[in-house]
Amino acid sequence: MTTPDTRPRVLRRTGDSEVAPIELFFDLVYVFAIVQVSHTLLYHLTPVGALETAVLFAAVWWLWNYSAWAMNYLDPARPSVRMLNAGLMLAALGMALALPGAFGDSGLLFALCFAAAQIGRPLFLVVSARGHVMARNYRHLLVWSTAASVLVVVGSFLPPAARLVVWALAVAVDMAGPRCEFRVPGLGRTPMEEWPTDVEHLAERNRLVFIIALGESILIMGFTLSEMEVVTPYAVVITLLGFAGLVALWWSYFALAGHGTRASSGDGSTRAARAAFAYAHGLMVAGAVLFAVAIDLHLTHPENTPSLVLTSVGGPLLYLAGNKLYLQGRTGTVGRSRYVAAAVLVLAAAVALVAGHALPAIVIGLAVATELAERRA
């Protein structure tokens with residue numbers, strides 16, 4: 001005699017790891033969001049602009065991350081779950097539209113969309129999964145995300161400098177929740193062991209969003225070349241180098257980390273999944289965004305500047321940092337080549353910054369593409 005399934009109907013069935021069409025539909029918004037992030041940085045290439053873009057990216061990433069984790073638990077066939085995803089898509093679209101002016105007149109739109117998603121999602125699970133451990137878990141998460149959302153909304157009424165500080169604090173609060181096991185005074189905590197996780201479902205979602213991030217570089221190369229009156233030999237060489245770098249990043253990711261069968265030797269716990277997906281992939285996607293910005297700078301401003309050097313090297317370094325964290329959780333090992341590549345890239349950046357305009361910009365591009373190609377596995 002089989003035991004009846006007493007779980008709320010809104011929760012995903014055990015063993016159902018397939019990424020549903022509604023999840024793929026949701027990710028379409030992030031094609032636009034990543035484009036907006038990269039262009040926001042391109043138009044604000046200053047130290048303050050870089051900090052602002054980093055905070056905006058962190059907010060956008062965390063909205064996607066929490067949405068992906070929620071769908072790890074929710075049944076995508078339920079109409080209510082599909083409506084939740086539609087609402088989250090609308091909020092993410094509003095945030096993406098507001099990104100270029102988030103530290104200007106669009107700050108309130110960005111904040112309200114962030115708050116609607118980060119509060120609405122856990123509230124949905126608290127109500128729809130009542131009586132299940134996930135309702136309790138998301139009640140704790142709701143407290144943390146509400147605190148972060150209040151800070152984001154309050155910050156939207158402040159001047160840009162103060163807004164940056166408050167929004168950075170808000171994102172830090174929201175991202176710290178899992179690390180602190182969502183401790184809430186009077187309610188206790190929710191240990192990661194009490195968050196049942198389908199690792200392969202999360203792995204597939206994160207693989208797809210990383211490919212979306214790499215696709216931003218393809219879009220930048222294509223649009224920039226199509227807008228040139230004359231495609232110069234220099235532009236052709238830069239395009240080839242950029243494409244080689246993209247292939248190397250893709251190869252590096254999928255050579256060791258792209259298949260679930262390789263994860264058996266790693267830690268399969270929810271705690272390891274949190275590090276591998278929530279945090280590591282944030283770094284890798286950010287690295288891909290910076291790589292796209294570097295390609296645009298090489299094509300449109302072909303001179304050796306600090307901005308070009310830092311984006312050219314910073315993107316691969318962020319990727320390598322995230323990839324190291326990812327591999328530790330998924331395979332239990334990290335190739336020494338990652339450390340060698342990072343050291344070589346830092347040395348190349350130092351030389352390029354010291355040399356300044358005396359060093360042709362294409363040299364740093366060639367050095368980055370060569371190093372990525374050599375350390376792709």
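FYI, the numbering just counts along the sequence from 1. These values consider heavy atoms only, across backbone and side chains, with no hydrogens, waters or symmetry-generated copies.
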Which heavy-atom pair separates Leu359 from Asn304 by the least distance, and what is that distance? O-CB, 3.1 Å

Could you verify whether a donor N or O on one side chain and an acceptor N or O on the other, from Glu216 and Ser38, lie under 3.5 Å apart? yes

Can a donor-acceptor pair be found, under 3.5 Å and without considering hydrogens, that links the side chain of Ser106 to the backbone of Gly104? no

Are the side chain of Thr370 and the backbone N or O of Ala367 linked by a donor-acceptor pair below 3.5 Å? no

I would like to know whether Phe110 and Trp167 meet ring pair (Phe, Tyr, Trp, His ring centres under 6.0 Å); could you show each step before the answer? CA-CA 11 Å; Phe110 183 89; Trp167 280 7; 5.3 Å; yes

In terms of hydrophobic clustering (I, L, V, M, F, W, Y; side-chain heavy atoms under 4.5 Å; direct or indirect links), are Leu88 and Met71 co-clustered? yes

Within the 4.5 Å heavy-atom criterion, are Phe182 and Arg139 side-chain neighbours or not? no

Are the side chains of Leu320 and Leu283 in touch, meaning some heavy atoms are under 4.5 Å apart? no

Indicate whether the side chain of Ser145 and that of Asp174 have a donor and an acceptor atom separated by less than 3.5 Å. yes

For Ser252 and Tyr319, does a side-chain donor sit closer than 3.5 Å to a side-chain acceptor? yes

Heavy-atom closest contact (Ile364 atom, Ala349 atom, distance): CD1-N, 4.5 Å

Closest contact, heavy atoms only, Phe26 versus Arg205: CD2-NH2, 3.8 Å

Are there over 12 heavy-atom neighbours, none belonging to Phe32, within less than 6.0 Å of that residue's CZ? yes

For Thr224 and Met221, indicate whether the former's side chain and the latter's backbone hold a donor-acceptor pair under 3.5 Å. no

Should His140 and Val143 count as side-chain neighbours, where that means a heavy-atom distance under 4.5 Å? no

For Ala235 versus Leu225, what's the shortest heavy-atom pair and its separation? CB-CD2, 4.1 Å

What is the minimum heavy-atom distance between Ala70 and Tyr138, and which atoms define it? CA-OH, 3.4 Å

Taking side chain to side chain contact (heavy atoms under 4.5 Å, CB included) as the criterion, tell me which of Val37, Leu63, Val285 meets it with Tyr30. Leu63

Side chain of Arg163, backbone of Gly155: donor and acceptor closer than 3.5 Å? yes

Cut-off 3.5 Å, side chains only: do Tyr253 and His281 have a donor facing an acceptor? yes

